[in-house]
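Accompanying notes for the structure given below.
Note that these values count all heavy atoms, side chains included, but never hydrogens, waters or copies made by symmetry. We name chains A, B, ... by the order of the sequence lines, and we start the count at 1 in each one.
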There are 2 protein chains.
Amino acid sequence: MDRLITVLKKVGNPSVVGLDPKPQILPQQLTQVESVQQLAQSYLDFNRSIIDAVTGLVAVVKPQIAMYEALGPVGLEVYCKTTAYASSKGLYVLGDVKRGDIGTTAAAYASHLAGSPAVGDLETEDLWHEDAITVNPFLGYDGIHPFLQAAEKADKDIFVLCSTSNPSSSQLQALPCGPDGTTVSQHLAELIELWGQDSRGGYGFSRIGAVVGATHPDRASDLRARLPHTFLLVPGYGAQGGTAADVAALFTDNSSYGASISSSRGIIAAWQKDPSYRPDMSRTQALDLVAKAARKAARQMRDDLTAVLN
Amino acid sequence: MDRLITVLKKVGNPSVVGLDPKPQILPQQLTQVESVQQLAQSYLDFNRSIIDAVTGLVAVVKPQIAMYEALGPVGLEVYCKTTAYASSKGLYVLGDVKRGDIGTTAAAYASHLAGSPAVGDLETEDLWHEDAITVNPFLGYDGIHPFLQAAEKADKDIFVLCSTSNPSSSQLQALPCGPDGTTVSQHLAELIELWGQDSRGGYGFSRIGAVVGATHPDRASDLRARLPHTFLLVPGYGAQGGTAADVAALFTDNSSYGASISSSRGIIAAWQKDPSYRPDMSRTQALDLVAKAARKAARQMRDDLTAVLN
């Protein structure tokens, strides 16, 4: 996690901006389209405006690949153009892909980090431009190891789902699975510490981070204590209900950078609450408003978070 | 599952052919490439040969999307061309995508089944050509419901991971989580029955199938009993170690079609064991050999499975 923590320290802001475009949060100037290709192009324009607006203020963007996948291969092309653009601006790109499989299949997904297969005259190529990805742990270590190997090879990171922010997460994650009432998420926290122990960096965190939702603060604080060498990615801030006070306990004692707090709608859809939006604006004017509102919301989030950290 | 069971009954064969191309199992005539685009084209040619060879003999193909994703967006374009081609031959296409997320993100992934977003003048378009997909249950019902809704709308199905075939699956799935020692997989089986109860079709199975690996026969038989209204997708046959005898117990009493047994390498890489392969063959000759060997292996698998069913 050294690269991540270095960029976070540089901007002095633990926020992560989720780049999750969908028709409902784009100004209508961008959704009056006649083809999936045009909609994908709108996603790219929207993302570029937001990336330009938040660069320098935040260090990390987290595109949610599902939103792009909804547009098929052309959507995924725009995902890659978005990650390449964010990378070119010096942002750390955390691909929220939640992939999970085993053996050679997991190794194939790990090309997100390690690059395309090298075969014949073909050299490995970084197609996805991600510095880290999220991974689903349902299949156990067989589903983690190929991603960890790729991360080590490419000096990148992975974030394993541990306790998610949604209501029904408890159906599986909060099941008691030990004699002392240890839950599946708590057991998973132990495994994540174990799996990561040989990959700790200069800041004391391993290459395996954990995703811990902000919407169950007690559960999150308990997991923070069980994950001393694990950097947290915390979704659920803002639109999903988590507050700055809720997440304060997730930063470690020895460093204010033990966690990264992610918000998507609260930043990229902030333009919807701006009274200066007008339906008869031009596409360019609408994109400018998107950018201005996103920058303002990102600054507010930074101030709210840094206030509880000091 | 009515559409699936109808096509299975028609061919009288519960086999599923995994379409999981990767450089290591392609003849070298197809891997001497200079670009990712060329490798993707080789995957498509390889898949088409296999689809042509097994059509009429099997009813279901299961492309593993990770293999295509390893080639980036151009790989996913070939995934879609593969599924479209298989569909055009009347095959039921089970996309092994193992997606899992919540809320609007899961809804975006569900476009695999429901089609692209309808917005502006843009109509919904089936971009992925899948009749069913696999889904990861780690996030609970919030991560299932959007897929189930899409499946109902489009008369398609989903298969939820319940007990996978890999060694470390036990790290999470075999954890005891109830007072009577019920495991996570067993608890999940109960949830799958519950989640599916309003979507049962004419054959008595719901739209939510379960993925149950063949490599732990005792565990699989127990889950079969706990899943009376759930159609099973059984990976791990052949190359991963599962035998016809291992899977026999997974078919229900009232129908020999309570399960579908999947094999990938055993069929699509069967050419590697054919002594008539020569490195100096032409590309076309190599593809013909791939097809011939796949057809022979698929016929053998059908005979092995139908023998234990009678």
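Contact annotation for Gln24(B): neither backbone nor side-chain heavy atoms come within less than 4.5 Å of a heavy atom of chain A. Proximity to chain A is limited to the side chain of Leu191(B), based on heavy atoms less than 4.5 angstrom apart. With a 4.5 Å cut-off on non-hydrogen atoms, Leu172(B) touches chain A through its side chain but not through its backbone. For Gln64(B), the part lying near chain A is the side chain, with the backbone staying farther off; criterion is any non-hydrogen pair under 4.5 Å. Of the two parts of Val74(B), neither the backbone nor the side chain holds a non-hydrogen atom closer than 4.5 Å to a non-hydrogen atom of chain A. Both the backbone and the side chain of Leu139(B) have a heavy atom closer than 4.5 Å to some heavy atom of chain A.
With rounding to the nearest 0.5 angstrom, the OG1 atom of Thr104(B) is 7.5 Å from the CG atom of Asp20(A).
Counting heavy-atom pairs under 4.5 Å between each of Ala70(A), Gly75(A), Gly103(A), Ser116(A) and chain B puts Ala70(A) at the top. Options Leu188(A), Asn136(A), Leu127(A) differ in how many heavy-atom pairs under 4.5 Å they form with chain B, and the most are formed by Asn136(A). Residue with the most contacts toward chain B among Gly100(A), Gly143(A), Pro137(A), Ala106(A): Pro137(A) (heavy-atom pairs, distance under 4.5 Å).
In terms of modelled atom types and a separation under 3.5 Å, the side chain of Glu69(B) and the main chain of Ala108(A) share no donor-acceptor contact.
When side chains are defined from C-beta on, Asp121(B) does not count as touching Gln32(A), because their heavy atoms never get closer than 4.5 Å.
Residues of residues 161-171 of chain B lying under 4.5 angstrom from chain A, judged on non-hydrogen atoms, are Leu161(B), Cys162(B), Thr164(B), Ser165(B), Asn166(B), Pro167(B), Ser168(B), Ser169(B), Gln171(B) in numerical order.
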